[in-house]
Amino acid sequence: MSITILGIESSCDDTSAAVIRDEVMLSNVIASQAVHEAYGGVVPELASRAHQQNIIPVVSEALKRAGVTPEDLSAVAFTRGPGLMGSLLVGTSFAKGFTTALNIPLVDVNHLQAHVMAHFIKRSPDDNTQPPFPFLCLLVSGGNSQIIKVESYNEMTVIGQTIDDAAGEAFDKCAKVMGLPYPGGPVVDRLAKEGNPKAFALSKPHIPGFDYSFSGLKTSFLYLLRDKIKEDPDFIEKNKCDLCASLQTTIVDILMDKLYKAVKQTGIKHVAVAGGVSANSAVRVAFEDYARKYGWTVYLPPFSFTTDNAAMVAITGYYKYLDKEFCDIVKAPFARVEL
């Protein structure tokens with residue numbers, strides 16, 4: 001008998017619902033929130049209000065596109081955390097009410113685990129592009145920068161992570177001080193293609209092991225702008241592309257240097273990337289370069305699975321459903337947690 005899972009994602013500012021049947025994605029609907037652009041970042045209260053407005057129409061559209069009814073569902077998987085508490089409460093409350101009405105199991109999903117599991121979403125029954133276990137996964141987003149050793153869907157070990165800021169945050173904050181629109185990461189990526197990546201030397205951290213640090217890079221970038229603007233008030237505008245290229249290259253170099261060390265020490269050459277920053281063109285080029293140079297087999301997710309989406313929640317829920325790992329309805333969401 002087929003297993004049909006409805007996934008719900010509401011950890012930050014995207015309301016998403018998806019339907020997966022036996023690992024194959026039937027639909028994946030995302031409602032983004034433009035309201036935050038005016039503030040240069042996500043405003044938690046506005047995000048939770050927008051989720052309340054979006055959750056019912058998004059779920060309805062996901063079921064419609066998938067061609068299923070609520071009665072066809074085997075379970076509902078939802079993001080329990082980490083994320084913004086107000087946003088998580090909307091998705092959690094809806095999932096609890098929906099499963100109670102349908103009398104079907106509720107499955108809670110760790111948002112970070114779901115990003116890794118995005119590689120197991122099948123877009124057709126004969127899709128066999130999934131990485132084999134074990135593999136290493138570089139999880140990079142606005143809130144996380146981690147190197148994860150993945151033994152199975154429910155056995156993941158973080159062997160390296162940021163000790164302060166995440167790579168995605170470094171992109172966005174540095175973009176903000178240059179006066180670029182939010183979110184800054186995609187804008188930096190676009191402008192960097194027209195710039196010289198060696199135009200400006202930026203600070204690289206010296207952190208032992210596989211851990212990351214990006215706070216020093218942000219400070220280095222801020223001081224560079226401060227000193228150069230004293231000499232020329234139009235410095236940023238005149239050098240915007242070169243600044244973006246130098247910033248992007250430095251961040252990618254930092255990420256790949258630690259990942260290379262992790263591959264070398266573990267001997268695992270199946271390497272994946274996940275999270276919002278995995279959509280960055282320089283990250284993808286670096287993965288392909290390292291694959292050619294060092295014999296890695298790399299796994300790059302489709303762009304639609306890089307940002308927060310419910311399909312990754314649904315596929316994680318599917319595997320947990322197989323093991324009957326259900327969630328008690330009294331469990332609350334959590335803002336912070338690790339794998």
Side-chain angles (χ1 to χ4, degrees), residues 1-7 9 16-30 62 65-68 72-75 77 107 109-140 147-157 259 262-263 266-281 283-325 339:
M1 185 176 177
S2 294
I3 297 171
T4 306
I5 305 293
L6 170 67
E9 156 62 20
S16 182
V19 177
I20 280 183
R21 176 171 288 161
D22 298 336
E23 300 178 278
V24 179
M25 185 183 74
L26 302 182
S27 66
N28 189 32
V29 179
I30 302 173
R65 292 187 191 180
V68 303
D72 295 325
L73 297 174
S74 305
V107 182
V109 171
N110 182 309
H111 182 74
L112 305 181
Q113 180 188 16
H115 268 302
V116 178
M117 292 302 296
H119 285 279
F120 293 86
I121 302 168
K122 292 188 176 183
R123 287 172 288 177
S124 65
D126 57 353
D127 181 355
N128 295 308
T129 58
Q130 296 72 35
F133 298 115
F135 66 93
L136 294 180
C137 185
L138 174 65
L139 174 56
V140 276
I147 300 175
I148 303 166
K149 183 179 179 182
V150 186
E151 303 278 2
S152 67
Y153 92 87
N154 60 357
E155 187 178 351
M156 301 182 185
T157 305
L259 184 59
V263 171
T266 62
I268 299 172
K269 290 194 173 184
H270 287 277
V271 188
V273 60
V277 181
S278 66
N280 180 275
S281 62
V283 169
R284 289 176 172 255
V285 168
F287 261 70
E288 291 165 351
D289 287 346
Y290 273 65
R292 286 190 295 268
K293 190 173 182 180
Y294 301 111
W296 297 2
T297 302
V298 297
Y299 302 86
L300 306 173
F303 288 107
S304 58
F305 299 153
T306 57
T307 55
D308 294 345
N309 67 89
M312 67 185 193
V313 177
I315 191 64
T316 309
Y318 169 81
Y319 285 107
K320 295 189 74 172
Y321 180 91
L322 293 179
D323 286 345
K324 300 190 184 309
E325 290 188 38
L339 283 172

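Computed over heavy atoms, backbone and side chain alike; hydrogens, waters and symmetry mates excluded. Because the structure is predicted, anything quoted here is derived from the model rather than measured.
- Under the 3.5 Å distance criterion, the side-chain polar atoms of Thr307 are left unmatched by any main-chain donor or acceptor of Gly276.
- Inter-residue side-chain proximity for Arg21 and Val68 is flagged as met; some heavy-atom pair is nearer than 4.5 Å.
- Ala114 and Val109 get closest at one heavy-atom pair: CB-CG1, 3.8 Å.
- For the atom pair CD1 (Ile315) and CD1 (Ile5), the distance works out to 9.0 Å, reported to the nearest 0.5 Å.
- Considering Asp289, Val283, Val285 as possible partners of Phe287, the one that fulfils the side chain to side chain contact (heavy atoms under 4.5 Å, CB included) test is Val283.
- Across Asp22 and Ser2, no two heavy atoms sit closer than the pair OD2-OG, 3.2 Å.
- Atom CG of Asp127 is separated from atom CE of Met25 by 10.0 Å, given to the nearest 0.5 angstrom.
- How far CD1 of Ile148 is from CG of Leu139: 4.5 Å, rounded to the nearest 0.5 Å.
- With Ser16 contributing its side chain and Val29 its backbone, the two residues share a donor-acceptor pair below 3.5 Å.
- Using a 4.5 Å cut-off on side-chain heavy atoms (C-beta onward), Phe135 and Thr297 make no contact.
- From Ile268, atom CD1 reaches atom CG of Leu136 across 4.5 Å, with rounding to the nearest 0.5 Å.
- Remark: Thr266 OG1 to Ile147 CD1 distance equals 9.5 Å, nearest 0.5 Å.
- Of the possible polar contacts, none joining the His119 side chain to the Thr129 backbone as a donor-acceptor pair under 3.5 Å is found.
- Between Tyr319 and Asn154, every side-chain heavy-atom pair lies at or beyond the 4.5 Å cut-off.
- When every heavy atom of Ala17 is checked against every heavy atom of Leu6, the shortest pair comes out as CB-CD1, 4.4 Å.
- Judged by distance alone, the side chain of Arg65 and the main-chain N or O of Leu26 form no donor-acceptor pair under 3.5 Å.
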>> Could you go through Met117 and Tyr318, starting from their C-alpha distance and side-chain angles, then the distance that decides it, and tell me whether this counts as side-chain contact (heavy atoms from CB on, under 4.5 Å)?
In response: CA-CA 11 Å; Met117 292 302 296; Tyr318 169 81; over 6 Å; no

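- The one candidate from Thr316, Thr306, Asp308 that meets the side chain to side chain donor-acceptor pair (under 3.5 Å) condition with His115 is Asp308.
- Residues Asn110 and Met156 fail the side-chain proximity criterion, which asks for heavy atoms closer than 4.5 Å.
- For Phe305 and Tyr299, the ring centers are positioned 6.0 Å apart or more.
- Of the possible donor and acceptor atoms, one in the side chain of Gln113 sits under 3.5 Å from a partner among the backbone N and O of Tyr153.
- Annotation for Asp126 and Ser124: closest pair OD1-OG, 2.6 Å, computed over non-hydrogen atoms.
- Contact of the Leu138 side chain with the Val271 side chain is not registered, since no non-hydrogen atoms from C-beta on lie closer than 4.5 Å.
- Summarising the local packing, NZ of Lys122 is surrounded by more than 12 heavy atoms from other residues, nucleotides or ligands at distances under 6.0 Å.
- Side-chain contact between His270 and Cys137 is absent, with no heavy-atom pair separated by less than 4.5 Å.
- For the pair Met312/Pro301, no side-chain contact is recorded, criterion being any heavy-atom separation below 4.5 Å from C-beta on.
- With values rounded to the nearest 0.5 angstrom, Leu322 atom CG is found 12.5 Å from Lys320 atom NZ.
- Scanning both residues, Val19 and Ala66, for their nearest heavy atoms gives CB-CB, 3.7 Å.
- In this pair, Tyr290 and Tyr294 present their aromatic rings tilted. The plane angle is within the 30 to 60° band.
- The side-chain heavy atoms of Ser278 and Leu300, taken from C-beta on, include no pair separated by under 4.5 Å.
- For the residue pair Ala18 and Ala310, the shortest heavy atom distance occurs at N-CB, 3.4 Å.
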